[in-house]
Protein chains: 2
Amino acid sequence: MSDLKKIRNMEEFAAVSGISRPTVSKFFHDPASVRPSTRHRIEEALDRYDYRPNIYAVNQNRQLTKTIGVVVPYLADPFFAEIARKIEGRCIEAGFSPSLFSSHGQVELEVEILDTLRSMKPAGVLLAPLGRSSDKNAIERFCKDVPTVLFDSNIAGMGEAFVGSDNFSFVSQSVEYLCRTGEPPCFFEMRDPANPNAHRRRTAYIDTMEALCHVPIVVKIDGKGWNFEEIGYQGALEALSERKLVTDTVLCSNDRLAIGFLAACYEKGIRVGKGDGCALRVAGHDDHPFSRFTCPSLTTVAHNYDLVSSQGVKTVIRLMESGGRFGKRTEAVFPANLVLRHSA
Amino acid sequence: MSDLKKIRNMEEFAAVSGISRPTVSKFFHDPASVRPSTRHRIEEALDRYDYRPNIYAVNQNRQLTKTIGVVVPYLADPFFAEIARKIEGRCIEAGFSPSLFSSHGQVELEVEILDTLRSMKPAGVLLAPLGRSSDKNAIERFCKDVPTVLFDSNIAGMGEAFVGSDNFSFVSQSVEYLCRTGEPPCFFEMRDPANPNAHRRRTAYIDTMEALCHVPIVVKIDGKGWNFEEIGYQGALEALSERKLVTDTVLCSNDRLAIGFLAACYEKGIRVGKGDGCALRVAGHDDHPFSRFTCPSLTTVAHNYDLVSSQGVKTVIRLMESGGRFGKRTEAVFPANLVLRHSA
DNA sequence: CACGAAACTTTGCGCGCGTAAAATTTCCTT
DNA sequence: AAGGAAATTTTACGCGCGCAAAGTTTCGTG
């Protein structure tokens with residue numbers, strides 16, 4: 001705290017601590033790699049003078065950084081905000097410094113971020129791509145240069161591994177539950193979803209419905225961009241007024257659409273829930289952080305946020321330790337958990 | 001795209017483009033600073049070989065980086081996610097590269113981020129501190145070293161400037177509106193809010209109520225952390241069952257508390273809104289991204305997100321151009337806009 | 001065509017640190 | 001007390017680029 005003298009570089013810091021610069025360098029690389037006695041002397045000097053190695057000089061000369069890049073498609077989506085939060089925590093625990101980027105839903109930004117990231121020489125990258133709209137070539141080139149683990153959205157062949165949730169597990173659970181406890185659901189989704197998970201969910205819906213000997217009904221709504229609540233809201237207003245919903249049960253592709261759907265129902269005076277006097281059942285997928293607080297609270301299927309984030313970080317660290325390449329691409333998908341609330 | 005030869009550094013790139021290295025260096029610093037003809041030659045080489053200057057080498061040698069640090073207290077709060085998104089956009093427009101950090105509600109992390117940021121030598125920093133729980137000394141020391149503009153939460157004397165919203169404008173508008181159209185509101189807030197805005201809002205509530213010759217009633221609820229919806233929900237359940245609410249109108253300190261409040265009301269079967277048959281009016285502050293989709297939709301007072309983010313970035317850029325110091329600390333607070341929806 | 005300013009090239013140093021090799025010291029073992 | 005392995009110091013080089021000074025070319029102007 002009391003800086004008697006301004007320390008300008010490691011040379012000067014080594015001088016005041018009475019240790020040679022190369023040893024100090026080793027210390028900062030790994031404090032356990034030096035003799036306890038010298039370690040104490042350095043640490044003593046460290047709280048007399050507050051010195052930190054120049055990260056740019058360090059990273060320029062090190063072949064491998066201690067940075068882990070984290071890229072999400074849209075950080076203003078609480079789902080990604082939450083998963084990013086957990087991932088950052090895991091990275092710090094593991095002794096790395098996370099560097100967080102959001103593509104903000106724009107392809108050009110995603111490409112730009114990838115270029116920036118490449119020049120940052122990160123030890124590894126956890127990438128949740130935009131999905132269908134991503135520049136596949138750019139991502140492929142990036143993955144060639146940087147040890148990358150994909151998460152959330154799987155794009156075939158990209159990256160050394162994928163970590164995410166099992167879409168079939170999501171949808172089969174919700175469909176089975178809804179069929180068991182009432183009318184079979186129709187499936188409410190965007191006409192042209194950017195996220196590949198949406199497609200897998202629709203397929204899973206159709207398959208599960210057919211397996212249960214029901215006729216699948218997919219309701220597609222228009223809308224672009226990442227403002228899913230608004231899209232769900234508008235789509236619901238339209239679907240409700242045009243009576244597109246053949247059944248009294250609606251399964252939304254994700255919770256954000258469902259949140260919009262519930263808002264529309266409330267406005268139209270349609271009572272949602274599973275009890276008597278309810279006209280409609282609505283369920284979603286993802287267990288969005290706010291789905292507990294919708295009216296009524298949203299029945300949904302939950303990601304295992306903790307498992308996905310911790311496995312994602314573990315996988316990328318394992319990848320780094322394997323020299324940036326796995327023998328073959330691995331895909332780890334985790335099952336989801338049905339969360340029963342009041343909306344269905 | 002077709003890399004005939006791997007470019008390892010600026011030396012090699014200068015060679016293949018037929019321009020000297022110092023000029024190429026100038027080009028990357030500012031493309032307009034070189035003659036158009038040489039600029040074209042460099043740009044041609046640039047798409048034949050994909051080369052980017054080593055950011056670490058660049059930043060080590062440059063006194064001033066092109067980075068703008070952005071720190072928010074809790075990124076999983078959609079309000080901060082949204083404002084961070086807009087700030088990032090403005091930074092990129094202005095030719096800087098934003099570097100985003102979230103304190104995740106933890107003081108130690110905030111201090112750690114500040115230390116990391118200091119060593120990054122950013123051109124400027126936009127800092128939204130945790131608030132009361134922040135380590136004031138750490139922030140003060142940081143602001144001495146790095147040109148910093150505070151936003152959202154004002155801490156007296158810290159940073160060279162503050163940009164935020166006018167809390168009095170928020171609350172006076174909501175209180176006046178509510179008093180004009182029905183019973184005067186009670187004020188619903190956390191007992192021990194971390195954010196200094198909360199205190200200013202309570203004061204503004206009391207002042208406005210007294211100016212309108214009403215007795216202010218503050219309802220304080222327990223709860224810690226950043227899970228405001230849950231805190232609002234639990235607090236509302238308690239307040240409703242214990243009949244702490246003396247009036248039929250509740251003004252929540254922020255929208256996230258209001259979202260929890262509405263969830264509790266729905267669960268209790270209490271009809272919220274301003275029409276006949278409604279038992280309670282509920283309003284909030286902030287115009288949280290999801291307040292459009294609550295049930296009923298939330299009447300609130302909106303930040304001018306665009307103005308706050310653009311002014312924040314403009315201010316920090318002006319600060320950098322002023323050499324990192326303003327003559328005296330400036331405080332820019334922007335008025336808020338009342339947004340009438342269905343809840344009050 | 002001459003002239004001067006602007007742009008460019010050449011040359012060379014420095015930034016702060018990683019890292020390797022050889023010499024020296026420290027520490028633990030027998 | 002001797003021996004040897006481990007840790008440390010010394011010495012030295014390199015990373016990729018910013019930046020400054022001096023010399024050379026380019027360009028627009030009269």
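A, B, ... follow the sequence lines: proteins, then strands. Residue 1 opens every chain.
- Of the listed nucleotides (dT26(C), dC8(C), dC17(C)), dC17(C) has the atom at the smallest distance from the side chain of Asn9(A).
- Phosphate proximity of dG18(C) to Tyr56(B): absent, as no side-chain N or O sits under 4.0 Å from OP1 or OP2.
- Listed candidates were dC17(C), dT11(D), dA7(D). Nearest to the side chain of Pro22(A) is dT11(D).
- Map Ser37(B) and Ser37(A) each onto its nearest nucleotide of DNA chain D; the residue landing nearer the 5' end is Ser37(A).
- The nearest whole Å value for the distance from the CZ atom in Arg8(B) to the C1' atom in dG16(D) is 13 Å.
- Partner Glu160(A) forms a salt bridge (charged side-chain N to carboxylate O under 4.0 Å, His left out) with one of Arg325(A), Arg318(A), Arg329(A) and no other, that one being Arg325(A).
- Within the 4.0 angstrom heavy-atom criterion, only backbone atoms of the sugar-phosphate kind lie near Thr38(B); the bases stay farther away.
- Atom NZ of Lys26(A) and atom C1' of dA20(C) are 13 Å apart (whole Å).
- In this structure, CD1 of Ile55(B) is placed 16 Å from C1' of dG18(D), rounded to the nearest angstrom.
- For the pair Phe80(A) and Pro73(A), the tightest heavy-atom approach, listed with the atom from each and the gap, is CZ-CG, 3.4 Å.
- Side-chain N/O atoms of Thr23(B) include none lying less than 4.0 angstrom from OP1 or OP2 on dC8(C).
- Closest contact between the side chain of Arg35(B) and the listed nucleotides dG16(D), dC8(C), dT9(D) involves dC8(C).
- In this structure, the side chain of Tyr56(B) engages the main chain of Met120(A) through a donor-acceptor pair within 3.5 Å.
- Rounding to whole angstrom units, CZ of residue Arg39(A) and P of dA7(D) are separated by 14 Å.
- Here the side chain of Asn61(A) is nearest to one of dG14(D), dT10(C), dC8(C), namely dG14(D).
- When all heavy atoms of Ala123(B) and Thr65(B) are compared, the pair lying nearest together is CB-O, 3.3 Å.
- Taking atom CD of residue Glu11(B) and atom C1' of nucleotide dG14(D), one finds them 14 Å apart after rounding to whole Å.
- Side-chain atoms of Val34(B) lie closest to dC8(C) of the nucleotides dG16(C), dC8(C), dG18(C).
- Here Ser25(B) lies in heavy-atom contact (under 4.0 Å) with sugar-phosphate atoms only.
- Using a 4.0 Å heavy-atom cutoff across all strands shown, Tyr51(A) reaches sugar-phosphate atoms only and no base atom.
- The distance from atom CZ of Arg41(A) to atom C1' of dT9(D) is 12 Å, rounded to the nearest whole Å.
- Contacts of Phe28(A) with the nucleic acid, taken as non-hydrogen atoms under 4.0 Å apart, are absent.
- Within the 3.5 Å criterion, the main-chain N or O of Leu130(A) finds a donor-acceptor partner in the side chain of Glu110(A).
- Distance Asn54(A) CG to dC15(D) P: 18 Å, rounded to the nearest Å.
- Across every non-hydrogen atom of Ile155(A) and Pro129(A), the tightest pair is CD1-CG, 3.8 Å.
- Comparing dG16(C), dT19(C), dC8(C) against the side chain of Gln60(B) picks out dG16(C) as the nearest.
- The CZ atom of Arg21(A) sits 10 Å away from the C1' atom of dA12(D) (whole-angstrom rounding).
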